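Encoded as structure tokens, the structure appears first; notes follow it.
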Amino acid sequence: MIHSVAIIGAGISGLTAGCALRKYGFEVDIFERSDSITEFGAGITLSRNATSLLRKIDLYDELERSSYKPQGSFIRHYKTAKDIAYVDFTKDFLTANRRDVVRIFSERFIDMGGRLHLSQDIESLDVESGQFFSSGKDSYSADLVLACDGIKSTIRDGEFDVSEPTFTNYIAWRGVVDESNFPQFSGNDQVNIYHGPGGHVVHYPIGNENKINFVAIETGENWEEESWKKEGNKKDLLHAFDDWNITIKEVFSSVSSVYKWGIFERRVPKKITKGRVILLGDAAHPMVPFLGQGGCLAIEDAFTLAYLVNHLKGDLDKIKDSYQKLRRTRGSLIQQRSNFQGKFNHLSNPLLMGLRNRAVKLLVKPNIENIHSYDALKEISKL
Ligand SMILES: Cc1cc2nc3c(=O)[nH]c(=O)nc-3n(C[C@H](O)[C@H](O)[C@H](O)COP(=O)(O)OP(=O)(O)OC[C@H]3O[C@@H](n4cnc5c(N)ncnc54)[C@H](O)[C@@H]3O)c2cc1C
């Protein structure tokens, strides 16, 4: 039987799993290495494959109140900003500030009786017994341990595979702009995506405080920083997108600070469960962010796992087997599709770019629908 669950990492996957398991009445402790639950003030899009699950664990309503709800997405030409295609979001598509997401989820977890332990950097773990140790040498154990510690997962290291995160040659520039400084044009209150040669740009309103988030991706040579994000120079950003349309350049000019992220990837291990340990979110299947699905899949993982733990009455072997089948397949597929999307968005050959734009017109709607219509409960019922 499973009574106690320990979760390592209080990001989106850990907090969602914590809330879902508390809803079913399990004893849950989350161990987080930081001394507070804070996130970088940047945007995140959450599509209905994730938000429909947040509804089921009572996390949706408050998040919706703190979020923006775009009606759809324009895909635009990088040079002219003219729209190539428009996709309606059927429902429940939210664009939020990450700070609000982790604040709402962590407050809810504590309200539900979950225990959150901060400044607990978990350094080692015995996968068979479920016993683990923090850097302060405190020891803990649980019937089930969820590794929700992100792409650089310490728990995954050595126990699941030996692969390391590697730099993808993509660099993401990010900024948040006050709506009052943002260029005015029809559709600027929706999600806007520009595909260009060697780069792409996305911007959308976030939260309920009249802010707009943008992400600009360029292909870079190397990334030497220890930190995966650092403050960048606006001039360098403008220079990198020099021959793009004037609106994009106005968007970049309207921001006070820009940040740069090196985008890393790590392959999905063959086994995402071992002994008493299960990998969730970026610890299991980190992906380049070009479909906006890393956080959504973290939520799908968390919901699926909690549902299986409850409905399979704590039979650990069955839980692991079902989770492995469902989540490794989905994580690998979306990881591959995200990689493909990066190559597609950045095509530079003019002939191929023309063909790409035609393909976008025809295929963007069914492609997006195919990802957003994933129904975690339906997939569980097929097992
Ligand atoms: C530029 C960019 C844009 C993105 N945009 C989107 C988007 O629009 N939509 C979307 O769905 N996804 C998006 N993503 C992906 C999304 O951010 C991630 O997939 C998601 O945050 C993963 O959540 P997680 O909980 O698995 O890991 P993380 O968010 O990395 O959380 C891991 C947590 O574990 C803690 N931790 C780590 N090691 C330890 C340890 N040893 N002991 C204790 N605690 C530990 C960390 O401090 C952290 O709090 C984007 C990513 C990037 C880089």
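Whatever order the structure lists them in is the order used to number ligands and atoms, beginning at 1. Predicted, not measured: the structure shown is a model, and the values here were computed from it.
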Based purely on interatomic distance, does Val215 place a nitrogen or oxygen under 3.5 Å from a nitrogen or oxygen of ligand 1?
no
Evaluation steps, salt bridge (charged side-chain N to carboxylate O under 4.0 Å, His left out), between Asp161 and Lys270:
CA-CA 8 Å; Asp161 70 347; Lys270 279 208 173 78; over 6 Å; no
Of the protein's non-hydrogen atoms, which lies at the shortest distance from atom 34 (O) of ligand 1, and what is that distance?
Gly9 CA, 3.2 Å
Between Phe344 and Arg337, is there a side-chain heavy-atom distance shorter than 4.5 Å?
no
Could you find the nearest protein heavy atom to atom 47 (O) of ligand 1 and give me its residue, atom name and distance?
Glu32 OE2, 2.7 Å
Looking at Glu379 and Arg330, does any basic side-chain N land under 4.0 Å from a carboxylate oxygen?
no
Hey, are the side chains of Ile212 and Tyr204 touching, using non-hydrogen atoms and a 4.5 Å cut-off?
no
How far is atom 16 (C) of ligand 1 from its nearest protein heavy atom, and which residue and atom is that?
Gly295 N, 3.6 Å
Considering both backbone and side-chain atoms of Ile8, is one of its nitrogen or oxygen atoms within less than 3.5 Å of a nitrogen or oxygen in ligand 1?
no
Distance-only N or O hit between ligand 1 and Ile122, under 3.5 Å
yes
Please report which non-hydrogen protein atom sits nearest to atom 29 (O) of ligand 1, along with the residue it belongs to and the distance in Å to one decimal place.
Gly11 CA, 4.2 Å
Phe31 heavy atoms within 4.0 Å reach ligand 1 at atoms 43 (C), 44 (N)
Suppose I only count heavy atoms of Thr154 and a 4.0 Å limit; which atoms of ligand 1 are within that range?
41 (N)
Hey, are Lys318 and Asp321 close enough for a salt bridge, meaning a charged N less than 4.0 Å from a carboxylate O?
no
I need the Lys82 NZ to Asn245 CG distance, nearest 0.5 Å.
13.0 Å
Atoms in ligand 1 flagged as close to Asp121, the criterion being non-hydrogen separation under 4.0 Å:
40 (C), 41 (N), 42 (N)
For Cys296, the atoms of ligand 1 under 4.0 Å from one of its heavy atoms are 11 (O)
Is it the case that ligand 1 has an N or O less than 3.5 angstrom from some N or O of Thr45?
yes
The test is side-chain hydrogen bond (donor to acceptor under 3.5 Å, both in side chains); show your working for Asp29 and His117 and say whether it passes.
CA-CA 7 Å; Asp29 290 84; His117 309 267; 2.6 Å; yes
Write out the residue and atom name of the closest protein heavy atom to atom 27 (O) of ligand 1, then the distance separating them to 0.1 Å.
Gly150 CA, 3.7 Å
If you measure from the Lys or Arg side-chain nitrogens to the Asp or Glu carboxylate oxygens, is any gap between Glu369 and Arg48 under 4.0 Å?
yes
Taking the basic N atoms (NZ, or NE/NH1/NH2) and the acidic carboxylate oxygens, is any pair closer than 4.0 Å for Glu300 and Arg327?
yes
Taking C-beta and beyond as the side chain, do Ile75 and His195 meet within less than 4.5 Å on heavy atoms?
yes
Ligand 1 atoms nearer than 4.0 angstrom to some heavy atom of Gln120 are 42 (N), 43 (C)
Between Arg266 and Asp157 (salt bridge meaning N to carboxylate O under 4.0 Å), is one present in this structure?
yes
What atoms of ligand 1 come closer than 4.0 angstrom to any heavy atom of Asp282?
18 (C), 19 (O), 22 (C), 26 (O)
Would you check, one step at a time, whether the test salt bridge (charged side-chain N to carboxylate O under 4.0 Å, His left out) holds for Arg115 with Glu27?
CA-CA 9 Å; Arg115 291 180 291 264; Glu27 288 294 309; 3.0 Å; yes
Considering distance alone, does some N or O of Gly43 sit under 3.5 Å from an N or O of ligand 1?
no
For Ile12, atoms of ligand 1 separated by under 4.0 Å from a heavy atom
25 (O)
Shortest heavy-atom approach to atom 6 (C) of ligand 1 - which of Arg98, Arg174, Gln293:
Arg98
Can you list the atoms of ligand 1 that are under 4.0 Å from a heavy atom of Cys148?
32 (C), 33 (C), 34 (O)
I need the nearest protein heavy-atom contact for atom 24 (P) of ligand 1: residue, atom name and distance, please.
Ser13 OG, 3.4 Å
Shortest protein heavy-atom distance from atom 44 (N) of ligand 1, along with the residue and atom involved
Arg33 N, 3.1 Å
Test item: Lys249 and Phe241 side chains (from C-beta on) under 4.5 Å apart, heavy atoms
no
